[in-house]
Amino acid sequence: MIDLIVEVLGGDRFLAQDLGRTHRVYPASPAARDRFAGLLAWPAMNRLLDTHRLEPPRLRLSADGATIPTSEYCQRRTYRRMPPWDAPQPHLVAQQLRDGATLVLDAIEEMHPPIGAMVNALERHLRTCVQVNAYASWTAKEGFGIHWDDHDVIVLQVSGAKRWRIYGPTRPAPLYRDVEFDDTPPEHPIDEFTLQAGDALHVPRGWWHAAAASTGQPSLHLTCGLATHTGVDLLSWLVDDLRAQPSARSDIPHLADQDTQRAWRHEMSKLLAERLNDPAVIDTYLTARDTAYGVRGGFSLPHAVHERLPDDADLPVRLVAPRAVLRSAEQTVTLEAAGQRWTFTRQAAPLVEALVSGRSTTLGVLARGANVTTDQAVELLDQLLRSGIIAVGEA
């Protein structure tokens, strides 16, 4: 399941041909209609709603492009040692859904391990941050109307069916923080289709679209929002990186004569041009973002509190820094993740490579792969556990 989404999208073809360029449906064969069922079943959704304190707007109901007030489906609860909150009432939520509302649950990957594992794989493949929202609806009423998003999205139809209309863009590559916004959608769609269970869809940022459940079929789908890497982002990183240059840190010569100002402008242009003309600048930027990217989860009680991991070959081990970077040299291997760096001898390379692959493994498997004892593997893993980039024990 972890690699399924990458496979559904066509691997590197998605990056080269589809991402940010065009919308595309990735249909499931009749035999693969349940291929996303393991990500989020209805009983799992019910458990999340029953057992989590889901403050609006993380959990919300929407209809006809407007958010429904929480007073319509929540009850105020007060506690002695916690802030009060508006608790959704199951029967009132169900009534809103019968009347045409869409239920939205944001950042579900933080609460549901199967989706969290999928996000780790996507982030590793796409080298960007991914957030997953769940959408449930029962009627043909549109929850959000015709709208566009400021990020690319990948839609996974888990169950039921949903009708989509794609209108295309009116402003190329809009940003979350932009200089202007276009609020007028195109008059006619360029494509209309129904996503069935098992189908996937990519919609680029800035492309107007609308969706509604097929009447009579409860629809459950996941939308994976992909953070963008824009020229503005790269230039911001580059300017920040130029703080290492004394001339970039110096005062702007605003009181100097024109010749001095011209020389200063030339020096700044030269600094920027040298960096932008470097053929590796894009990969350097992405690697910097990867190594600075944080962790997802990672609590490892009770093991993390002990002075040393148990010498247990069956102890599960997993990396919780999905965009870790591995650098190999002749005698060493360096791991960079979550703003930290570790250098190990080449003997540890197979063990570290297995961790960075993102696949679930055990202490014994890691030790055998590196041809070391479990005791030696524990010494290395203890460092990483105390730094917070691996987790041990059952997830």
task: Mind running side chain to side chain donor-acceptor pair (under 3.5 Å) on Thr128 and Glu123 for me, showing each step along the way?
output: CA-CA 5 Å; Thr128 195; Glu123 290 187 334; over 6 Å; no
message: If hydrophobic clusters are built by linking Ile, Leu, Val, Met, Phe, Trp and Tyr wherever their side-chain heavy atoms come under 4.5 Å apart, do Leu286 and Val232 end up in the same one?
response: no
task: Would you kindly say whether Trp148 and Tyr167 are connected by a side-chain donor-acceptor distance under 3.5 Å?
output: no
query: Cluster question for you: counting only ILVMFWY and a side-chain heavy-atom cut-off of under 4.5 Å, with indirect links fine, are Leu40 and Leu103 together?
result: yes
query: Quick one: does Val130's side chain get under 4.5 Å of Val132's, heavy atoms only?
result: yes
- prompt: Could Arg165 and Glu142 be called an ion pair, given the rule that one side-chain N must be under 4.0 Å from one carboxylate O?
  reply: yes
Pair Glu379 + Arg308, salt bridge at N-O below 4.0 Å: no
query: Taking side chain as C-beta onward, heavy atoms only, is Leu381 less than 4.5 Å from Leu355?
result: yes
Sub-4.5 Å side-chain heavy-atom contact between Asp150 and Pro174: no
field: Linked, directly or transitively: Leu61 and Tyr135 (ILVMFWY side chains, under 4.5 Å)
entry: no
query: Can Ser137 and Lys162 be counted as having a side-chain donor-acceptor contact under 3.5 angstrom?
result: yes
query: Is any NZ, NE, NH1 or NH2 atom of the basic residue among Arg127 and Asp290 found under 4.0 Å from an Asp or Glu carboxylate oxygen of the other?
result: yes
query: So do the side chains of His221 and Val158 get within less than 4.5 Å of each other, counting heavy atoms only?
result: no
- prompt: Does a side-chain heavy-atom distance below 4.5 Å link Gln340 with Leu335?
  reply: no
query: Do Asn133 and Thr223 have side-chain atoms, one donor and one acceptor, less than 3.5 Å apart?
result: no
message: Please evaluate residues Leu48 and Ile108 with respect to the criterion side-chain contact (heavy atoms from CB on, under 4.5 Å), reporting the C-alpha separation (whole Å), side-chain torsions for both, the decisive distance (0.1 Å), and the verdict.
response: CA-CA 9 Å; Leu48 291 174; Ile108 193 172; 3.6 Å; yes
- request: Could you tell me whether a side-chain N or O of Arg318 sits under 3.5 Å from a main-chain N or O of Ser360, the two making a donor and an acceptor?
  value: no
task: Could you give me the CA-CA distance, side-chain angles and deciding distance for Trp237 and His229, then say whether side-chain contact (heavy atoms from CB on, under 4.5 Å) is met?
output: CA-CA 11 Å; Trp237 163 79; His229 290 296; over 6 Å; no
query: Can any side-chain N or O of Arg13 pair as donor or acceptor with the backbone N or O of Gly10 at less than 3.5 Å?
result: no
query: Under a single-linkage definition using a 4.5 Å side-chain heavy-atom cutoff for Ile, Leu, Val, Met, Phe, Trp and Tyr, are Phe144 and Phe193 assigned to the same hydrophobic cluster?
result: no
task: List the steps, then state whether side-chain contact (heavy atoms from CB on, under 4.5 Å) holds for Ser159 with Trp42.
output: CA-CA 9 Å; Ser159 64; Trp42 287 110; 3.5 Å; yes
- request: For Gln347 and Asn371, work out which heavy atoms get closest and say how close.
  value: NE2-O, 3.9 Å
- prompt: Taking 4.0 angstrom as the limit, do Arg275 and Asp278 come out as a salt bridge?
  reply: no
task: Give a yes or no on whether Asp257 atom CG has more than 12 heavy-atom contacts from other residues, nucleotides or ligands under 6.0 Å away.
output: yes
- prompt: Taking the side chain from Asp199 and the backbone from Gln196, do they hold a donor-acceptor pair closer than 3.5 Å?
  reply: yes
Qualifying residues under salt bridge (Lys or Arg N to Asp or Glu O under 4.0 Å), relative to Glu336, sequence neighbours excluded: Arg327, Arg341
query: With a 4.5 Å heavy-atom cut-off, do Glu109 and Asn120 have their side chains touching?
result: no
- prompt: With a 4.5 Å heavy-atom cut-off, do Leu242 and Met268 have their side chains touching?
  reply: no
task: Answer yes or no: does atom CD1 of Ile282 have more than 12 heavy-atom neighbours from other residues, nucleotides or ligands under 6.0 Å?
output: no
- prompt: With sequence neighbours excluded, what pairs up with His209 under the side-chain hydrogen bond (donor to acceptor under 3.5 Å, both in side chains) test?
  reply: His147, Asp149
query: Is it true that Arg53 and Glu55 make a salt bridge, defined as a side-chain N closer than 4.0 Å to a carboxylate O?
result: yes
- prompt: If you take all heavy atoms of Pro88 and Pro90, which pair is closest and at what distance?
  reply: O-CD, 3.7 Å
- request: Might you work through the side-chain contact (heavy atoms from CB on, under 4.5 Å) test for Arg205 and Thr228, ending with a clear yes or no?
  value: CA-CA 9 Å; Arg205 67 182 164 117; Thr228 54; 3.4 Å; yes
message: Nearest 0.5 angstrom please: Lys270 NZ to Asn277 CG, how far?
response: 12.5 Å
Residue Ile252 excluded, over 12 heavy atoms near CD1 under 6.0 Å: no
- prompt: Pick from Trp164, Trp207, Trp208: which one makes a ring-ring contact (aromatic ring centres under 6.0 Å, His included) with His23?
  reply: Trp207
task: For Thr22, enumerate each residue passing the side-chain hydrogen bond (donor to acceptor under 3.5 Å, both in side chains) test, keeping only those at least two apart in sequence or located in another chain.
output: none
task: Report yes if the side chains of Leu385 and Ser300 come closer than 4.5 Å at any heavy-atom pair, otherwise no.
output: yes
hydrophobic_cluster_shared for Val104 and Val153, side chain cutoff 4.5 Å: no
task: Give a yes or no on whether a salt bridge exists between Asp233 and Arg289, defined as a side-chain N under 4.0 angstrom from a carboxylate O.
output: no
field: Gln261 backbone acceptor or donor facing His254 side chain under 3.5 Å
entry: no
Flag if over 12 foreign heavy atoms under 6.0 Å of CZ, Phe299: no
task: Could you tell me the separation between the CG atom of Asp18 and the CZ atom of Arg21, rounded to the nearest 0.5 Å?
output: 8.0 Å
- request: Could you check Thr374 against Asp311 for side chain to side chain donor-acceptor pair (under 3.5 Å), going step by step and ending with a plain yes or no?
  value: CA-CA 6 Å; Thr374 55; Asp311 191 355; 2.3 Å; yes
message: Regarding Asp106 and Arg58, does a basic nitrogen lie under 4.0 Å from an acidic carboxylate oxygen?
response: no
